[in-house]
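All chains are named by letter (A, B, ...) in the order of the sequence lines, taking the proteins before the strands, and each is independently numbered beginning at 1.
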Amino acid sequence: MNIFWREIKAGRKSLLIWSVGIILFMMSGMVKYESYTASPQSINEMIAKMPTVLKTILGLGTFDLTMVTGYYGMLFFYLVLMAAIYAVMLGANIISKEEQDKTAEFLFLKPISRNQVITYKLSACLVNIAIFTLVTFLSSILMVEHYSKGEDIFSPIIKLISGMFIIQLIFLSIGSAMAAVGRHPQKASSLGTGILLLTFFLSIIIDLNSRIENLKYLTPFKYFEAKDVLYGPGFQPVFLILSFGIIVLLLGTTYVFYQKRDLYL
Amino acid sequence: MNVVEINHLTKYYGKKRGIIDVNFNVEEKEIFGFIGPNGAGKSTTLRTILGLIYPTGGSAKIFGKDSIQYGPEIKKQIGYLPSEVFYYDKMRVKDLLKYAASFYQKDCRKRIRELAEIMDLDLDKRIDDLSFGNKKKVGIVQGLLHEPKLIILDEPTGGLDPLMQQKFFELLQEENKRGATILLSSHILGEVQRLCDRVAIIKEGKIVELQRISSLQERAYKKIKIQVPEDLDSNYFQIDGVSNVEVKQNIISFMYKGNVNAIMKKISEIKIVNIWIEEPDLEEIFLHYYERGA
């Protein structure tokens, strides 16, 4: 358990900074909503005139921005991106930092197996991500509630945030697998972030071009999109199963490769 | 009983040579030296038997158990001091030692205090405020706090001032008396000579010699340089064991191998102004192995 607490302590500061970032983002985002609703007609007209490409890139999609849930759906696009970046960096760094900071010789001379180390570290990640999710959830509820005019906001938000949590788990496992497999631990974080951006842009390209819609299985950003969860079919079993499979596969990869490879000293 | 048994241990980094077919045993309660120049494979050997990296071939046993399969178990009884000490920078010394101790199922507080006192280490400082030498001290305390049965040291004295080196060697000798087996790697022959019972010499990844330190010393050359008041016949020192005689004005230098008393007697019979007797450095010892190997 000592490694777990050590990691919780080591991750406190970064978690705090991200949490403050999320809260500020939600606050500033929802304050803008106020001005949207001041003249709903003109905003919707303006957005309708925007080219699709721009709308898609900005994450506006098909949301009705004058409705608080629609507006939140747009904000959620950015929340997911931030959450995924946090998760992928967390997963990559927590594994690779022992080698990067050259503390691996300290840690792995202790009577503990590599698998145990990974387990404690991933548990600490899980707690960090849970806290991140909770902060996002609470700040979403509080801010959105303030502007809702009797709209039911609780159940859509809880659905969206659950989706975000699963996406975070996927990116956490991508990050940890990068750090465990790679021969250069210092590159794990940038590799993970690279995959993240790639999948993120893929999700935007898919929105722009419906002919490649089938590529949506390749990008986690397509799994729990706000427009599907809010206006469409909700959670789709295929994506839940796919997420679960990816997480299990990548965590397995993390354990197997980290156990087998030479530590980079 | 052998505490460490290394059998045909080989490690390649891709195609790059690490170590090739290394074999040696460290017996219980012995202080074993492992010497060789930088890059010869000392750290590779130690890291391989400790399971930080995996061998390409061969295996090692510690306390009679396979060092990789039973890694976590045997590490309970191993204390290790790496050549370069790196720790979690933001921690204080006290917290780091507490963290290190938390991996062992025993109360190490008393031993930490004792060791810190011997090594004159300030427990309240932050690790990143420490000098290289002080970080090394943290490493020493960290490696010994759980009273291990096997102490493995990789170039332990770098960065320690002579006084601290002295204290540290005394500490190791005490640990040894208490029953600890010590495996020490170094490129400094002097420290190995002072401490060790036996040595293995590694060169370019291969063990070239495994010897009692006493017999190694008998074979070792000494560099002797003598300043004399007046010119001296350069043949004066032509006795058994003397080689490479060079005379520059009134300074004579030569290499000597053999009984020290014989040469001292010879020197005492003439008037001298000054004398330098140097241990050959490792390179020179290795020269000897080059010659023999050729």
Which atoms of [X] come close to chain B, meaning under 4.5 Å heavy atom to heavy atom: side chain ones, backbone ones, both, or neither?
X: A:E99; value: neither
X: A:F108; value: both
X: A:R114; value: side chain
X: A:K260; value: backbone
X: A:N2; value: both

Item to check | Contact origin within B:Q142 toward chain A - heavy atom pairs under 4.5 Å | outcome: side chain
Checklist entry - Can you say whether B:K11 sits under 4.5 Å from chain A via the side chain, the backbone, both, or neither, judging by heavy atoms? => result side chain
Checklist entry - Of the listed residues (A:K9, A:K97, A:E98, A:M1), which shares the most heavy-atom pairs with chain B below a 4.5 Å separation? => result A:E98
Checklist outcome for this item: If you tally heavy-atom pairs under 4.5 Å between each of A:A10, A:A104, A:P111 and chain B, the highest tally belongs to A:P111
Checklist entry - Do A:Q116 and A:T119 get their side chains close enough for a donor-acceptor pair, meaning under 3.5 Å? => result no
Next on the checklist: Could you check whether B:E30 and B:T181, counting side-chain N and O atoms only, form a donor-acceptor pair closer than 3.5 Å?
Outcome noted: no
Next on the checklist: Taking A:K222 first and then A:E225, would you say they form a salt bridge - that is, a charged N and a carboxylate O separated by under 4.0 Å?
Outcome noted: yes
Item to check | Residues B:E114, B:K110: salt bridge by 4.0 Å N-O rule | outcome: yes
Next on the checklist: Can you confirm if the NZ or CZ of B:K61 lies within 45° of the ring axis of B:F63 and under 6.0 Å from the centre of its six-membered ring?
Outcome noted: no
Checklist entry - Are A:R6 and B:Y88 in a cation-pi setup, meaning NZ or CZ lies under 6.0 angstrom from the ring centre and within 45 degrees of the ring axis? => result yes
Item to check | Flag if over 12 foreign heavy atoms under 6.0 Å of OH, B:Y104 | outcome: yes
